[in-house]
Structures are given as C-alpha cells and as structure tokens.
K.L.:
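First, the structure itself, so that you have it in front of you.
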Amino acid sequence: MERLSMQGISKAFGGIAALRGATFSARAGEVHALMGENGAGKSTLMKILSGAYHHDGGDIRIDGTPVGIHTPQDAISRGVSVIYQEFSLARHLTVAENILLDRLGRQRLIDHRALEMRAAELLAEMGFPEIDPRGTVGDLPVAFQQVVEICKALSRECSILVLDEPTAVLTTYEAEKLFALVGRLRARGVCIIYISHRLDEVFALCDRVTVLKDGATVGTWPVAELDHERLTNLMIGRELSDFFPSREAQIGPIILELNQLMLAPGAPALDLAVRRGEVLGIGGLVGAGRTEVLRAIFGADPIADGKILLRGQPFRPHNPGDAVRAGIGLVPEDRKQQGVLLDLPILTNALMTPVNPHLWRLGLLRDRRERKAVRNLSQSLRLKAASLDVEAGTLSGGNQQKVALMKWLVSGCEVLLLDEPTRGVDVGAKVEIYRVINELAAQGTAVVMVSSEMLELIGMCDRVLVMHAGAIAGELAGASLTEENIIELAMGREHVH
Amino acid sequence: MSTETANLQPAEQRRRGMIALAWLIKYNIYVMLLTLIVASSLLSEHFLTVQNVFNLLRQLAPLALVSLGMLLVILTGGIDLSVGSVAAIGGMAIAMTMPAMPIEGAGALVFCVLAATACGVVLGAVNGVLVAGFGMASFVATLAMMTMARGIAYMLSNGQPVRFPRELPTAQILTAFGAKGVPGIGLPWPVVGALVIVLLFTFLLRRSSWGRLTVATGSNETAVRLAGLPVARYKFLAYTICGGLSALAGILVTARTAVGTPVTGAGLELDAIAACVIGGALLSGGKGSVINTMVGVLILGLIGNIMNLMSVPAYPQQIIKGAIIILAVLLQGVGAAARQRV
Ligand SMILES: Nc1ncnc2c1ncn2[C@@H]1O[C@H](COP(=O)(O)OP(=O)(O)OP(=O)(O)O)[C@@H](O)[C@H]1O
Ligand SMILES: [Mg+2]
C-alpha cells in the first residue's frame, strides 16, 4: 500500500509549465529519492504536497484516500512535514520559537519554559544538544540554522517527511547525524522523501528513486538496480563522458599572494600564492576559516595584520568595490543572502558589477548589447529560465547559483574567488560550471575555489590547501591529492608524506 | 615577569575598554536618556520639578499610545501614516458625542470613549483590509487613509474646533481625568492610563502567542504561512489595534485641552516612527521592543521640553531634534555593525 500517491500533477507559473502531469508515489517506511536537474520541478512538486502552492491539475492521495490540500494547514493536519530548500526561519525569534512555530498558534499564552524544554529535547534527539533553544536564530551559523529547520519539521507528528536538499549546507559531521535520524524515522514507518544532488548520499541512504525531467516523471527504480552512471543518464538525458573536463591552461606568474595575513589579532598567519591560469582549491571543514580568507581578499572583512600582494603590488582592499576594480570577483556561499538579488531580473543580476564592460559613457546602460552577452552566457551555462527578465527568486536553487556566477563572467576578472560554487547544482550543470572555470583558467584567470566536496577538489584543482581551525594545515598536489589526505589534514591530524 | 605584566596591561586595558564600549552601544538609548535628564537638570532649575515632569509626561501620553500602535505595525514590517489623522477623529468624536448623549455621568463617558475608540478601530481595520487582504503596500494604503481621515475630521465640524459645555457632568469627568492626577501622588491620570496599556502590550508581545506571531510575521512571513498560520490575521490586527490606540490618543488630547480640534495630531506619525526607530525597531519588521520605544518617546519629549525651558525658538528646535534622531540611530548602527560585520 502506498502512503502517498500523486497522479498527473501539473502546475504552471505565469503560463510556463513547471510540472506537466508528474506522477509520484512513496511507501511507508522507505526513503524515496526524488532526483532531477535544476528546475526539473522537484521543489515545486513537494511544495504542492505541502500546500505552499496550489496545483492546476492532478490528484493527491494519502493512504488511498483523496485529499484536497489547499493550505499549509491542510498538509500539516494530514501529517506532511517539509524541510524547504530555502530557509523558512524567522531570524529575529529564538530557536525554540522557530522550532515550535506552529504550536504557538494553538496556545494563547506562551509557556516559554515548556517551549524551550521541548525544543531542547528535539535538538538532543537530533544530536545537537549544543544549540541553545534560547538563542536567536539569526546569530547561528548556517549549518545550525538548517538543524533548526529540521527540528521544526520533526516537532510535528509526521507520517510523510520531505527533505529538500537538507545537506546542501551541512558538513559531513552534521550530515551523518541527519542520516542516522532518517534511519530511525524509517524504522518507525515514516515515509521519507529525499531530494539531493549528491549521488553518493542517494545510494547510501535511499531505497527507491524517482527521476523527474522537465516537469514530468521519467520513472521509479529501486536504488539497487541503478549505478551512478545510469542515474545521471536518466536525469540529464545524455551521457556524461567525463565528469571533470580536462583543462589546457598555461600556468603563469604569481598574481595573488597572501603574506603572513592575519584575519584577527592573534589568529594564525596565512600564506598563500596563486598563479595565473591556476585553479587553487581550499578544503577543510565548515568553520575552518575558508570563507573568511576569501572575504578578506575581497575586502568584505577587515584584515588585522600581514600583506596581500596583487600582481606584485601591495593591495589593501577596504571594501568589495576596491577588490572588484582591482579585478577580483567573489561568488559567495550564501547565495540567498549575498549572491543574488532575488527580487531583480536575471539580466540586472548578471550586470550588477561596478565594472560592467557593456556600459555606455556616463554609466548609461546599453540594453541590446548587454542582453546579447547575457543570453549567450546563459546558453552556455544551460540556465533554465523563461526569459532574462524574470526575477532571480523564481528560479530553481541551482539556477540561482548559475546567475550568481554570471556577473563575473560578464565583467571578467583576473582573480575569481568561488565559495562552494556547485552547491545545489545538478550533475549536468556542475560539469558546465567546471567547463567555465577551465575556460577562465585557460584565459589566464587565477581561480581560488573553496569546496566541501572532495571529489570536486581533486578533480578540478591543480593544488589544494587544506585549512583547519583557521590555519593552513597543509598543501596537497599531484599524487598526494587524495580523499584520505584531505580528511587527515581537515581533521587536524599530522600529515605524513 | 615585569615585562610580562607590562605587555599584558595594555591588552587587558583594551579588553576592558572594548567591554565598556560594547555595553555603552548596547544600552545606548538608556545612556542617552540619562544624559538628557542630567543635562536638562543642569541647564534649567525648572526642569526637575514635580510640576514640570508631570506636565511633560501628561503631554507625552498620547504620543506613547500612538507609538505603541506604530510599533505593532512596524513589527509586522509595515508602516502606518494615518495615526495622526485618526487621532484627530478620535478627539473630535468624543467631543461631539458627549453633549449628544441622552444620559450623563460616568456611564455616558464610558460609552463615548468606546464609541470614539471604535471610530479609530474601524479606520485601522480599513487599513488592515487594504494591506493584509488586498496586499497593498502599507505606505500607500495608510497615506491614503491619512488624507481621508484628515478630510473627515475637517468635515465633521466645518474645520472649526468642537467645544462642549464645560458644566456637562460627562465632560467634567473627562476634563478632570485630563487635568488631574492620582490623589496624593499627583501622577496624571492620562499617564496612568497610558502606562496600563503599555504594560499590557509589553506582556502580550512577550508572552502571548499573538505577540510572538506578530513579530514572526515581520521577521519571515513565509515561515509563518508555511507553518499553517494565518499571516493576514496578524497583519490585520496590528493595523486595527493601531487605529484604536490612535483614537485613544486623540481622546487624551481632548481630555487635556477640553476641545476637539481637527488639526490634532498633525505630524504625529513622524514622531511615532522616530520613537520606534530611536528605540531600535527595524523598519523591515521583526525587531523592536515596547520598553525601548517608550524610552524613545521620553527622549523626544525631553528634547522638546528642555529646549522650551531654555526658550530655544521653534525652528532651531526642529533641527536639533532631527540631529538627535540621527545620532541615536547612528549609535545603533555602530552597535549592529560591531555585532555583525557586513
Ligand atoms: N514562484 C515561482 N514563480 C515562477 N516560476 C517558478 C516559481 N517556482 C518555481 N518556478 C519555476 O519552476 C521550475 C521548477 O522549479 P523547482 O524549484 O521545482 O526546481 P527543482 O527541481 O527544485 O530545482 P533545483 O534542483 O535547482 O532545486 C523552474 O523552471 C522554476 O523557474
Ligand atoms: Mg529545488
């Protein structure tokens, strides 16, 4: 007996179909993966299930009975809990209030003590007793915010749990805890729907997989019957010959150098050099200080001590504008808050740099020229969007990431800093992004890439620096660039050559 | 050993300095309030007299109520520009209903107050429907209401102040309420009334689910909606309550001045917004506290009071007031920046 069955679901946004008769069903006590390219309609399908969107056609059954889900309340009362891809947290409220938000609506006066105790219980069950239920959500690191989001979904008695890319912002450590929890829920008979672009997670965790493509269902298979290659093929509808395309770049002279750079008084001094045409990776756990290094180079954070040399000249950026004018670009890790302007069209987002080369004199815009440049770019990135004039916020998560990357490709830069460039990006588009990185390197751009995906570091980078607790723990290249060595260094263990 | 301590001392001193600075920034509005009080008492011997302080508080009671209403709306991420006009209607309504009542005395007054407040509630509810129901931008909806309500206020009396017979028993109770204070202590009754309401809302915003969800709505509307909660209701209620509080403020003005005038509350919306902002409220919603807003009201009132006592002319007063608002918000900005780098 299927716990959930969705038949012939269709949904259009302003005349553009996001779902065309998609079919999906899942059983109690299974972890069911929902896979597909960016913009395939995975999140939309789950938002229909949760009552966040209305569907235009099709029917939904839970335990065989047709259910009309029109509002989030309908879905919650039928035991559907969703962890959304975009955070839906009230940043100014406490952890406890966020976790038990819907419970607040059912009381008149709040018993804060009881609320905090219940939240603490849920956090402990999830394996994070270190998160204070009284803390303000906005002050937590992103990974912990995600944990709060998960606890919020678990606070309700749920029989269907949807996780939309829950691990995108988690490190291995937190993800392991999540997987253990998912295992426990499965044993309790909860029907779990799991969306992720990380194939190995899907193979490790899931029982069956349903693939969506362009808003329609391709099919459902037991995971055991598939392998990486076949699943990729089903998702993107073509063979992926080489996952990490080869690069023909001439490694040139050093362009950027950090000399005993200290981010805070007393912090470890950092030394780093990157050459033209080189792709330098930075690995390590979340919180190891990788993002902070990029932000300091970009002038977004102050520097306590030490020097930055750009093209051999001392360079001291006071704000990101300085860095951009000096030819440095940054794609930040938190695209919702920092990477894209969700309310503005794609075109504006792509041209949002102080060094737009398509500007007319006096800073006037030249629409036709810009449009053409951006259109070419979006084609080469396989951006899935109705037009360049739609708001970036209406794009699927992975496509937003491509928009965040686009502005540096338009303006062109000599040093490109990438913070988790392929987070939430599907396998096909990842290869496109890798290809773009390679092209840039071939043109002589120096690329510094922070990534938590070790295979990506190994596949893409000439050299990898691994950070631990704010310091550079070691450098890996060539034959020593292996997963084991990265982990060793990232965990702070002594590296043996 | 001696070199060590010599090395440590500056670092330790710096650390203490940082802590003191952080503390100053965190409690900047209290520091500002205290500074103003001390400065005022030094500048004028008339300032720290019971008479002056109570008068000042009596004059501030209407602003306190309006700022409270404004804070509720700001917490949801909106703004209400119509508060001043609605206050005028409240003040006119009570002045007009009292003589028209067939009965006289306390019972009649209660009825008139309820009726006048109801006028504000209705106008606030119209704002609420426009914003929460039709999704209109709050700035636009309440701007329209601001001019409409002012127009109604003028039309009610052909632009004339509404006077009422002083000897009417109902009116006598009202004006006594406006002019007198608690026997023995002398704390003005309007202040007592405003204080009760302010404390009630402090409690509700902290402890009631309505209060927390109003804040949550301003912080992240989607989150509240996806939790299956009625976002529109919280917004609607904020504007409605704001309307009611504004009308009450108008009633207090009429009680104090013994006349209902259609010009009451002109520019009140700006003072109310200023009080919220000085109190640290975020205009984007989700953050703000009742107590701090009341401190904001006191700061605004003190600035005006001390300048009057020192007979600073009206026009420079406005400049100084604006400068102090900027200073207060700048200090907060420094505090926010110190806590969270860009
Ligand atoms: N609110 C919206 N308004 C307009 N279009 C939308 C909206 N939400 C989604 N879409 C469109 O619907 C399509 C499906 O988007 P959806 O978010 O479901 O993709 P997804 O499969 O979750 O992708 P990803 O892996 O990138 O998260 C996309 O083309 C997207 O642009
Ligand atoms: Mg999605």
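Worth knowing before you read on, the calculation uses all heavy atoms, side chains too, and leaves out hydrogens, waters and symmetry mates. Each chain gets a letter, A, B and so on, in the order its sequence line appears, and its residues count up from 1.
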K.L.:
Do the non-hydrogen side-chain atoms of A:Leu104 and B:Trp210 ever get within less than 4.5 Å of each other?
P.N.:
no
K.L.:
Quick one: which residues of residues 41-49 of chain A reach chain B at under 4.5 angstrom, heavy atoms only?
P.N.:
none
K.L.:
Which pair of heavy atoms, one from B:Ala216 and one from A:Leu93, lies closest together, and at what distance?
P.N.:
CB-CD2, 3.5 Å
K.L.:
Tell me whether B:Ser219 contacts the main-chain N or O of A:His92 through its side chain, where contact means a donor paired with an acceptor under 3.5 Å.
P.N.:
yes
K.L.:
Which residues pass the ring-ring contact (aromatic ring centres under 6.0 Å, His included) test with B:Phe139, sequence neighbours left out?
P.N.:
none
K.L.:
Is it the side chain or the backbone of B:Leu226 that comes within 4.5 Å of chain A heavy atoms, both, or neither?
P.N.:
both
K.L.:
In Å, rounded to the nearest 0.5 Å, how long is the span from CZ of B:Arg212 to CG of A:Leu115?
P.N.:
10.0 Å
K.L.:
Restricting to pairs with a member in residues 232-248 of chain B, which pass salt bridge (Lys or Arg N to Asp or Glu O under 4.0 Å), not counting sequence neighbours?
P.N.:
B:Glu221-B:Lys235
K.L.:
Show the nearest heavy-atom pair for residues A:Asp102 and B:Ala227, with the distance to one decimal.
P.N.:
CB-O, 3.3 Å
K.L.:
What distance do B:Leu204 atom CG and A:Leu109 atom CG have between them, rounded to the nearest 0.5 Å?
P.N.:
8.0 Å
K.L.:
Under 3.5 Å, side chain of B:Arg207 to main-chain N/O of A:Ile110, donor-acceptor pair present?
P.N.:
yes
K.L.:
Measuring heavy-atom distances to chain B, does A:Arg156 have an atom under 4.5 Å in its side chain, in its backbone, in both, or in neither?
P.N.:
side chain
K.L.:
Which answer fits A:Leu101, side chain, backbone, both or neither, if we ask what part of it has an atom under 4.5 Å from a heavy atom of chain B?
P.N.:
both
K.L.:
Counting only N and O atoms by type, is there a donor-acceptor contact under 3.5 Å from the side chain of A:Ser88 to the main-chain atoms of B:Ala223?
P.N.:
no
K.L.:
Identify, with sequence neighbours excluded, every residue that meets side-chain contact (heavy atoms from CB on, under 4.5 Å) alongside B:Ile291.
P.N.:
B:Tyr30, B:Thr202, B:Arg206, B:Ser289
